[in-house]
Amino acid sequence: MNAEASAFVGLLRACAKKKDCCRGARIHADVLKRGFLDRNSHVAEYLVALYANCGVLPKAQELLDALHIRGVVAWTALIAGYTRYGHCQHALQCYDRMQQEGIAADVVTFTCVLKACGTLGDFDKGKQIHDLISKQNLLDNDVFLGTALVDMYAKCGALVKAHLALDELPCRDVICWNALITGYAQHEQGQNALDCFEHMQQEGLFPNAVTFTCALKACGHIGDINKGEAIHDEIMKQDFLREDLSLGNALVDMYMKCGDLAKAQEVLELLPIRDVISWSALIGGYAQQGQGQEALDCFEKMQIEGLSPNSVTLTCLLKACSSIGAADKGEKIHDEIVRQGLLESSIVLGNGLVDMYAKCGALAKARQVLNDLPVRNVISWSTLIAGYADQGQGHNAISCMERMQQEGFSPNAVTFTCLLKACSSIGATEKGEEFHDDISRQGFFKNNVALGTALVDMYAKCGALAKAQRAFEELPSGDVVCWSALIAGYAQHGYGEKALHCFELMQLNGLSPDTITFSSVLNACSHSGLVGEGELIFDSMTREFGIKPNVEHVASMVALFGHAGHLDKAVEVIQKIPSLQSSPAVWLSLMGACKRWGDVNIGQWAFEQAVRPLMNPILT
DNA sequence: CTAGGGTTAG
């Protein structure tokens with residue numbers, strides 16, 4: 001290659017590196033003018049690299065296709081470009097073509113191909129590349145390649161393989177540990193991520209900002225706030241927050257996931273720099289915890305700082321509106337979404353809108369939004385079906401499913417869960433049985449306790465208790481929720497003894513009853529007049545299981561005692577728990593008993609107690 | 001050419 005050609009190569013490499021496509025194109029024109037492309041394929045290879053790096057992929061591909069002699073540089077540049085700009089499938093196709101032409105891949109090619117495999121989750125292809133690399137002993141002198149290998153396995157979710165690959169590397173640095181830790185954190189194996197975090201430091205390596213970011217994510221997943229705080233201290237000592245936005249955001253998210261919302265907000269307010277993602281983490285956390293108003297307040301503050309919401313922020317805000325039934329605020333968010341034109345690109349956001357209107361009870365609007373969506377999926381439909389089911393509009397839920405099928409979508413396990421709920425809301429046992437058959441045929445009951453519970457609940461609510469019992473027994477596994485559904489079914493239909501029997505069986509199976517189980521059991525006692533049993537169970541609830549009585553528990557006990565004529569005991573239960581005395585349900589239960597036994601005195605007293613909290617806002 | 005942050009249906 002002559003001096004002029006190598007000067008062009010140098011210029012093109014510089015433009016490729018800086019992604020300066022404009023200057024690169026001028027050089028391209030110059031190269032053409034002097035006829036270099038005909039005489040010197042090396043210059044042409046770097047032209048491919050220029051366009052690939054700048055993301056002008058069709059142009060890069062076109063140039064490569066036109067070359068008669070093309071080597072590893074051009075192929076690798078194109079593969080790297082496709083991978084970087086998210087066309088990993090194309091990257092792998094290029095790799096295959098390169099192989100067919102007999103061009104040997106080098107470490108850079110392999111690194112890029114591994115990244116493409118990881119992004120696609122293509123384990124088989126990744127493994128095949130790994131074998132090639134091992135055969136050529138390429139891992140001995142290239143840290144980048146080793147990292148790419150660990151990262152590929154980690155992204156495919158093959159974490160044992162990833163860990164093994166890391167162990168076998170001749171030398172390990174922070175970055176390859178980060179790849180593994182990230183993999184564990186992203187696949188919800190928080191403890192393994194934190195173990196690696198320790199292990200890495202035992203090897204004498206210091207965590208950097210990325211390591212801390214991933215470790216914080218892991219803490220959030222397993223709710224380990226102590227570890228999270230320790231990492232927070234370390235970050236402050238090293239003053240990492242000043243230069244790293246992601247790290248601050250991970251910190252906010254960690255406190256949110258660990259349930260310390262106040263601390264999360266405090267951290268955000270003290271961040272030296274924050275962006276829309278920082279606020280989204282906070283808004284998302286509040287929305288998740290059902291604190292919709294706080295989420296909306298954060299949105300105000302974020303806007304005052306001059307930041308605009310993106311589709312993730314808006315998704316969180318919709319959830320916030322749903323949680324407090326704020327359809328008016330939700331409509332404002334809807335307007336913003338339309339203004340930004342986001343419905344075209346974000347199906348998640350569209351589904352969030354359907355959910356918001358549905359949860360606010362505006363089902364006609366939810367349906368209209370769904371109809372107007374440019375793209376829909378099974379989640380869009382399931383959301384609407386869930387909305388109808390929640391509002392007791394079972395018939396509409398079922399007709400939605402029919403329309404969904406006409407559009408070519410098949411119901412999945414979640415859809416069926418909603419549909420079963422729809423059946424229970426209208427007592428549609430026969431339709432429920434049809435769904436039961438469909439679900440069994442498709443094997444959805446395996447590994448899905450929630451679906452099984454919905455089935456038991458459907459039969460139980462419809463009063464088909466023998467079928468509920470049979471469905472329950474056929475489930476591969478049952479948790480507390482599932483048992484509670486069965487117990488509630490027996491309770492509701494007056495089979496108190498059976499409910500109590502289930503309650504005991506459940507505990508014999510090693511499961512501890514929760515608040516809801518006790519609601520059902522006490523309800524069973526009160527419906528069946530099992531005074532002694534109810535009293536014992538109510539007592540054990542706090543003493544043995546540490547569960548504080550709620551309104552439903554107390555109302556059941558008052559009904560139980562009251563029905564049996566023990567008005568004194570009913571009054572006693574209420575008086576023991578002052579925090580529940582503002583609940584009308586408790587007093588209504590007592591007044592019912594007074595009416596039955598003709599006790600005017602207690603009845604009048606109960607009435608006064610019930611009315612007082614209702615009158616206070618009016619009087620003052 | 002290698003590692004990191006926020007999000008839809010039960």
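Keep in mind the model is a prediction, meaning the values are calculated, not measured. Lettering of chains follows the sequences in order, A, B, ..., and the numbering in each one begins at 1.
- Straight-line distance from the CD1 atom of A:I337 to the C1' atom of B:dT8: 11 Å, rounded to whole Å.
- Under the 3.5 Å distance criterion, with hydrogens and angles disregarded, no donor-acceptor pair is assigned to the side chains of A:T213 and A:S246.
- In this structure, the separation between CG on A:L317 and NZ on A:K329 is 11.0 Å, given to the nearest 0.5 Å.
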Exercise. Check the pair A:E305, A:R274 against salt bridge (Lys or Arg N to Asp or Glu O under 4.0 Å), reporting the backbone distance first and the verdict last.
Key: CA-CA 10 Å; A:E305 287 189 358; A:R274 48 182 175 245; 2.5 Å; yes
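- Ring to ring, A:F472 and A:Y459 are not that close: their centroids are 6.0 angstrom or more apart.
- Across all strands shown, A:T383 has heavy atoms under 4.0 Å from sugar-phosphate atoms exclusively, and none from any base.
- Side-chain proximity of A:A386 to the nucleotides B:dG4, B:dG6, B:dG10 is greatest for B:dG10.
- Closest to the A:C112 side chain, of the nucleotides B:dC1, B:dG6, B:dT8, is B:dC1.
- Judged purely by distance below 3.5 Å, without hydrogens or angles, the side chains of A:N351 and A:S380 pair a donor atom with an acceptor atom.
- To the nearest angstrom, P of B:dG4 lies 10 Å from NZ of A:K217.
- Set against B:dC1, B:dG6, B:dA9, the side chain of A:T111 has B:dC1 as its closest nucleotide.
- You'll find that the side chain of A:C316 is closest to B:dT7, out of B:dT2, B:dT7, B:dG10.
- DNA chain B is contacted by A:N448, A:A450 of residues 444-457 of chain A, taking any non-hydrogen atom closer than 4.0 Å.
- For A:S246, counting side-chain heavy atoms from C-beta on, the closest listed nucleotide (B:dT8, B:dG6, B:dG4) is B:dG4.
- When distances are taken from the side chain of A:A80 to each of B:dA9, B:dC1, B:dG4, the shortest belongs to B:dC1.
- The listed nucleotides are B:dA9, B:dT7, B:dA3; the one nearest the side chain of A:N178 is B:dA3.
- Proximity note for A:N208 (side chain, C-beta onward) versus B:dA3, B:dC1, B:dA9: the nearest is B:dA3.
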Quiz item: Where do A:K217 and A:E188 land on the salt bridge (Lys or Arg N to Asp or Glu O under 4.0 Å) test, with the steps shown first?
Solution: CA-CA 9 Å; A:K217 191 184 173 115; A:E188 310 199 353; over 6 Å; no
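- Neither OP1 nor OP2 of B:dT7 sits under 4.0 Å from any side-chain N or O of A:K319.
- Within 4.0 Å (heavy atoms only), A:D244 reaches at least one base atom of the nucleic acid.
- Rounded to whole angstrom, the span from the OH atom of A:Y95 across to the P atom of B:dC1 amounts to 18 Å.
- A search for side chain to side chain donor-acceptor pair (under 3.5 Å) contacts involving A:D275 returns A:N249, A:S278, not counting sequence neighbours.
- Nucleic acid contact for A:I181: none, since no nucleic acid atom lies under 4.0 Å from a heavy atom of the residue.
- Of the candidate nucleotides B:dA3, B:dG6, B:dG10, B:dA3 has the atom lying nearest to any side-chain atom of A:T182.
- A:K127 meets the side chain to side chain donor-acceptor pair (under 3.5 Å) test with A:D131; sequence neighbours excluded.
- Protein atom CD1 of A:I283 is 13 Å distant from nucleotide atom P of B:dT8, rounded to whole Å.
- Here the C1' atom of nucleotide B:dT2 and the CD1 atom of A:I133 are 12 Å apart, to the nearest Å.
- Between A:K115 atom NZ and B:dC1 atom C1' there is a gap of 9 Å when expressed in whole angstrom units.
- Checking B:dA9, B:dG4, B:dT2 against every side-chain atom of A:V414, the shortest atom distance belongs to B:dA9.
- Going from atom CG of A:N310 over to atom C1' of B:dG6 covers 8 Å, rounded to whole Å.
- The nearest whole Å value for the distance from the CD1 atom in A:I379 to the P atom in B:dG10 is 10 Å.
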